[in-house]
Amino acid sequence: MSAKIKPQAGILDIAPYQGGASKVAGVENSVKLSSNENPFGAPEAAKEAFSRAAHNMHRYPNTDHAALRGAIGEIHNLDPERIICGVGSDEIITFLCQCYAGVGDEVLYTEHGFSMYKISALAAGATPVCVPERERVVDVDAILAACTEKTKLVFIANPANPTGTMIGTSEVARLAEGLPPQTLLVLDGAYAEYVEGFDGGAALVESHDNIVMTRTFSKIYGLGGVRVGWGYGPKEIIDVLNRVRGPFNLSEPQLAAAEAAVRDTAWVDKCRSDNARLRAWLAEALMEHGVPSDTSCANFILARFPTQAEAEACDEFLKSNGLIVRRVAGYGLPNCLRITVGDESSCRRVAHTIGQFLETNR
């Protein structure tokens, strides 16, 4: 390639995203607990809607996503005109950086925050700024102290990934109200549905003009392989994002599956309840083995080990037993393993196997 043909500044600073492993070489019937997927899958209604829509895959999909936006608005009591849909919440994050940050601007995210915040900032030519957390919890004062006249976006996940921790609504409001006037706060609510009675920040969006909330169908709805997300914010901001959104960014099967999933509130309630029960059991079982974790508000446990060496050795032992979890050194947590809360059998296998490992290695 010609030496004169160069990508935009920031692109080559992006480390390609590494998804969770899904198989172990030489091990059959492995259990994937590395990507925070719903072990119970998608609701039957979503599978049926996807199959029906496939019969019309030769047709272009609807461009305004009106039916899905209407369903989301109905279930969550939101204005559909202030909703935008994308290919996972990742695409909404990309739109926000593309539209509101560029060369000379800063995008803030917290030290253990989702890697797509930094990636999307760099892709837009902006400067990502990492802000320290306080014992794996978002620190509002640290974020406010890091803001400058160049700060255009602040990303926080609540509950957070990979820590599982979250901050209260009053703290989020304090953050929004303390930001510089040119700064937009983005609340990533990918795991919001796992918190009983939590709106993901929707009420804060209603009461503030500088907040956007993002959500996904990839977690509790079990549609990770379909890739649908959405955002909710001030109408003027949603209008801006729609100007860069591709007209056919979501296919008809995607739209149909997501609409059916969001309407199946009984499935969501069941998955939330089962996850809470198994999450508590797994955290307690690991603690009995001397492996602590913060109280998780999501569908995973962040297991903490004394050293990086022990965490990695435990990961290798788990893999040799067909259990795939996630190392999170790339998130600044080298001595931790993120373990998705699977079904009951998977949780028991993980706890038993970690116990076996520790018996022979401590």
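Just so you know, residue 1 is the first one in the sequence shown, and it goes up from there.
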Check: N249/E91 side-chain N/O donor and acceptor closer than 3.5 Å: yes
Ion pair R174/D141, N-O distance below 4.0 Å: yes
Stacked cation flag R82 on Y232, 6.0 angstrom / 45 deg: yes
Cationic N near anionic O, under 4.0 Å, R227 to D90: yes
Q8 atom CD: more than 12 heavy-atom contacts under 6.0 Å: no
Verdict with reasoning, R136 to D294, per salt bridge (charged side-chain N to carboxylate O under 4.0 Å, His left out): CA-CA 8 Å; R136 299 167 301 282; D294 297 313; 2.5 Å; yes
K150, NZ atom: more than 12 neighbouring heavy atoms under 6.0 Å: no
Sub-4.5 Å side-chain heavy-atom contact between I72 and P80: no
Enclosure of E284 CD (heavy-atom neighbours >12, cutoff 6.0 Å): no
Close aromatic pair by centroid cut-off 6.0 Å: F248 and Y60: yes
Value rounded to 0.5 Å, distance of OH in Y191 from CZ in F300: 5.0 Å
Beyond-backbone contact of V328 with P162, side-chain heavy atoms, under 4.5 angstrom: yes
Distance-only donor-acceptor check, side chains S251 and Q254, under 3.5 Å: yes
Steps toward salt bridge (charged side-chain N to carboxylate O under 4.0 Å, His left out) verdict (D274, K270): CA-CA 6 Å; D274 288 346; K270 178 186 183 303; 2.7 Å; yes
NZ/NE/NH1/NH2 to OD/OE distance under 4.0 Å, E316 and R327: yes
Straight-line distance of N361 CG to F317 CZ, nearest 0.5 Å: 8.0 Å
Trace of the salt bridge (charged side-chain N to carboxylate O under 4.0 Å, His left out) decision for E37 with K32: CA-CA 9 Å; E37 296 154 334; K32 184 185 178 188; 3.0 Å; yes
Aromatic ring pairing Y117/F114, orientation class (parallel under 30°, perpendicular over 60°, tilted between): perpendicular
Within-4.5 Å side-chain heavy-atom neighbours: L153 and V186: yes
Step-by-step side-chain hydrogen bond (donor to acceptor under 3.5 Å, both in side chains) determination, N161 to H112: CA-CA 8 Å; N161 171 31; H112 305 307; over 6 Å; no
Beyond-backbone contact of I211 with H208, side-chain heavy atoms, under 4.5 angstrom: yes
